[in-house]
Amino acid sequence: MENRRVRVRFAPSPTGPLHMGGVRTALYNYLFAKQNGGDFLLRVEDTDQTRFVPGAEAYIVEALAWCGFSPDEGIGAEDKLPGGGPHAPYRQSERKPMYRAFADQLLEAGHAYYAFDSPEDLEAVRERAKQAGNPNWQYNSITRTSMKNSLTLSEDEVQRRLEAGEAYVIRVKMPRNEEVKFEDRIRGWVSVNTLNLDDKVLLKGDGMPTYHLANVVDDYSMEITHVIRGEEWLPSAPLHVLLYRFFSWAQPEFAHLPLLLRPDGNGKLSKRDGDRLGFPVFPINWHNEETGESASGYRERGFYPQAFINMLAFLGWNPGTNQEIFSMDELIRDFNLNKVNKAGARFDFDKAKWFNQQHLRLRPEAELIQAYMKEAGARGLEIPSVDFARSAMNLFMDRAEFIGDTLDAADYLFSDPNSYDEAMVAKKWTAEAPSYLSDLDLLFAQTDYTEGHLEACFKNYLAEKGFGFGQVGPVLRLAIAGTTQGPSIFTVMELIGSEASHRRIQTAITRL
RNA sequence: GGCCCGUUCGUCUAGCGGUUUAGGACAUCUCCCUUUCACGGAGAAGAUCACGGGUUCGAAUCCCGUACGGGUCACCA
């Protein structure tokens, strides 16, 4: 058992877009699988037909692909393996016929029973219990004795109801007063007494399994060795452990991940947080045609997937060194499930942006230029040449967190300024300003239009006249760029060329 | 409320009984670089390690209790 090939799975429910917490769970699964030379599967848990949302499954597949870690097997791996792999189908709704036999196995062994109580019956019992001061009534080893099930009804009666086609569910028969223990990879030993566990429904009235049955059966059939999932599953893990025991199956190792908390207020990050927080909580844009609901994603916000996953990996894990910027390969190499934190993590968008800035600088220049040109095109800016794009981009690269930032305050590289920073004009545009510019314009006309020559020429002029840089520099800057901020003005002049520079200087003289 | 899990700077975290005057990163502030903005560099501030008891020569690190936070209590996953 110990030397089995590592196989992990990410098993989301297609009830909407996958939020970043889900992506992190998937990422940790993937990192763990790859580190151990194992398989990462994607299984869709769509046993609740009432909550099915069209497009959600495709969204999940696309989101993982964007992040750079598509499944090796299962949904989204149909191009690698026929049908997604040897354990197809990977959608639980399509596996429906398989579960019944396992429920029967439990029934025969006395670990499960039929229950005929209707949803209305249950609601009534719960309501009565509530009135009596018990807010959460449970169908358990005590209460089941007063309900309609195969434990209380006679064998004949049960048979009769079954044959009459009466609706029923199959419930697990939770043992009485037994300590269930298991060792969680992240939390250590977790122990729960079955007195606190209820007789969960295993097979629903519509013949579909609930999460608990389907999950255990599928993980077993798909030879899953490690179950890495969110902490919200910790309370039901003992039931799963019991189920493995009832089936006499080897239980996989469990690792319950800490939750991603909402940056504001309390509670875990949820899909509903959407755009309310001022930043995306989803990997990619989401739009539901039916409801018109949509939410923005990191991809469309300009994030690199490398930065996104690096940031996510660090929400709950840390290599123990001072290295923070990781490529996927480095994450695979250094990730360690045992070093995952126990406490939930609140995430910080500023740090997320910092990760993007770091990864932005790691991108190859050719790729950046392409992205730059595409972004410029989207903004309706004319790029004369690739060389121009390269220079213009690099001028603003230092200050950018996203590629789009290099274009945000750079309009003057593409067209003459159509306005001037009024505050700076008031402060720096003195009565002598026009004369400085006329002088400079003449001098520049006789120099090589390169950054070095322009600057030398400018400094010469200052020295000759005895002017200070602060007196003349901002004036030139205003004329050329309309603002006093930005990269070296001489580099800008070299880039836009002598003709445009001359024109701008003249325009400024007449307009200001 | 029951059960389960957690608790180190504002945030993410390092730390696994002495090497700790508790380290790093983001954010904040200061200075340098740049007579601009940013980048970069240097530095500051920021955590009585939730609190109270133990155990030990010695505890952020081990144990117990309390408080607080979170999760979960469906024929949802």
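So you know, we letter chains A, B, ... as the sequences are listed, proteins then strands, and number each from 1.
- Every residue two or more places apart in sequence or in another chain that forms a side chain to side chain contact (heavy atoms under 4.5 Å, CB included) with A:T321 is listed here: A:P319, A:Q323.
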Could you pull out every donor-acceptor pair under 3.5 Å between side chains of residues 472-485 of chain A and any protein atom, sequence neighbours left out?
| unit_1 | atom_1 | unit_2 | atom_2 | d |
| --- | --- | --- | --- | --- |
| A:R477 | NH1 | A:P487 | O | 3.3 |
| A:R477 | NH2 | A:P487 | O | 3.4 |
| A:T483 | OG1 | A:Q485 | N | 3.1 |

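- Salt bridge annotation for A:D348-A:R346: absent, with no cationic side-chain nitrogen under 4.0 angstrom from a carboxylate oxygen.
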Pairs under 3.5 Å (N/O, protein and nucleotides 75-77 of chain B):
| unit_1 | atom_1 | unit_2 | atom_2 | d |
| --- | --- | --- | --- | --- |
| B:C75 | OP2 | A:R171 | NH2 | 3.2 |
| B:C75 | O2 | A:G205 | N | 2.6 |
| B:C75 | N4 | A:D117 | O | 3.0 |
| B:C76 | OP2 | A:K204 | NZ | 3.1 |
| B:C76 | O2' | A:D48 | OD2 | 3.0 |
| B:C76 | O2' | A:R51 | NE | 3.4 |
| B:C76 | O2' | A:R51 | NH2 | 3.4 |
| B:C76 | O2 | A:R51 | NH1 | 3.3 |
| B:C76 | O2 | A:R51 | NH2 | 3.3 |
| B:A77 | OP1 | A:T47 | OG1 | 2.7 |
| B:A77 | OP1 | A:K204 | NZ | 2.7 |
| B:A77 | OP2 | A:Y211 | N | 3.1 |
| B:A77 | O3' | A:E45 | OE1 | 3.2 |
| B:A77 | O2' | A:S13 | OG | 3.4 |

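- Using a 4.0 Å heavy-atom criterion, one finds that A:G468 contacts the bases of the nucleic acid, with or without backbone contacts as well.
- Nucleotides B:G18 and B:A38 have their C1' atoms positioned 46 Å apart, rounded to a whole Å.
- Partner of A:Y28 under the ring-ring contact (aromatic ring centres under 6.0 Å, His included) criterion, chosen from A:W317, A:F314, A:F335: A:F335.
- Among the heavy atoms of the strands, none lies under 4.0 Å from A:D184.
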Restricting to nitrogen or oxygen on both sides, can you table the protein-nucleotides 42-48 of chain B pairs closer than 3.5 Å?
none

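- In this structure, the side chain to side chain contact (heavy atoms under 4.5 Å, CB included) partners of A:P258, at least two apart in sequence or on a different chain, are A:R24, A:R187, A:V340.
- For the pair A:W317 CH2 and B:A25 P, the computed distance is 17 Å after rounding to whole Å.
- In this entry B:U20 has no Watson-Crick or G-U wobble partner, no candidate having both defining distances under 3.5 Å.
- One P atom belongs to B:C16, the other to B:U21, and the distance between them is 14 Å to the nearest Å.
- With sequence neighbours excluded, no residue satisfies side chain to side chain donor-acceptor pair (under 3.5 Å) with A:Q357.
- Here, B:C76 and B:G65 have their P atoms 37 Å apart, quoted to the whole Å.
- Within 4.0 Å of A:K200, counting heavy atoms only, lies no atom of the nucleic acid at all.
- Every residue two or more places apart in sequence or in another chain that forms a side chain to side chain donor-acceptor pair (under 3.5 Å) with A:N149 is listed here: A:Y139, A:T152.
- Going from the C1' atom of B:G15 to that of B:C49 covers 10 Å, rounded to whole Å.
- B:G40 sits 11 Å from B:U34 when the C1' atoms are compared, rounded to a whole Å.
- Spacing between B:G43 and B:A59 at atom P, rounded to whole Å, works out to 33 Å.
- Within the 4.0 angstrom heavy-atom criterion, no nucleotide atom of any strand lies near A:G473.
- Under the Watson-Crick or G-U wobble criterion, with both distances below 3.5 Å, B:A27 is left unpaired in every strand shown.
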For residues 167-177 of chain A, please give each side-chain donor-acceptor pair under 3.5 Å, one per line with the distance, not counting sequence neighbours.
| unit_1 | atom_1 | unit_2 | atom_2 | d |
| --- | --- | --- | --- | --- |
| A:Y168 | OH | A:R100 | NH1 | 2.5 |
| A:R171 | NH1 | A:D199 | O | 2.8 |
| A:N177 | OD1 | A:N193 | ND2 | 2.9 |

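- With both pairing distances under 3.5 Å, B:U35 is matched to nothing as a Watson-Crick or G-U wobble pair.
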Enumerate, atom names and distances included, each donor-acceptor pair closer than 3.5 Å involving a side-chain atom of residues 202-212 of chain A, sequence neighbours excluded.
| unit_1 | atom_1 | unit_2 | atom_2 | d |
| --- | --- | --- | --- | --- |
| A:K204 | NZ | A:T47 | O | 3.2 |
| A:D206 | OD1 | A:M208 | N | 2.9 |
| A:T210 | OG1 | A:V201 | O | 2.8 |
| A:T210 | OG1 | A:L202 | O | 3.4 |
| A:Y211 | OH | A:N215 | ND2 | 3.1 |
| A:Y211 | OH | A:R229 | NH2 | 3.2 |

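- For B:G70 and B:C62, the C1' atoms lie 25 Å apart once the distance is rounded to whole Å.
- Residues passing the side chain to side chain donor-acceptor pair (under 3.5 Å) test with A:D439 are A:Y461, sequence neighbours excluded.
- For A:N310, the side chain to side chain donor-acceptor pair (under 3.5 Å) criterion is met by A:H359, not counting sequence neighbours.
- For the pair A:R301 and A:F402, the cation-pi criterion (under 6.0 Å, within 45° of the ring axis) is fulfilled.
- Of the candidates B:U35, B:G40, B:A14, the closest approach to any side-chain atom of A:K339 belongs to B:A14.
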Annotated protein contacts, base or backbone, on nucleotides 2-11 of chain B with a non-hydrogen cut-off under 4.0 Å, one of B, S, - each: SSSSSS---S
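- Pairing for B:G69 goes to B:C5, judged as Watson-Crick or G-U wobble with the two contacts each under 3.5 Å.
- B:G52 is paired with B:C64 under the criterion used here, namely a Watson-Crick or G-U wobble arrangement in which both key atom distances are under 3.5 Å.
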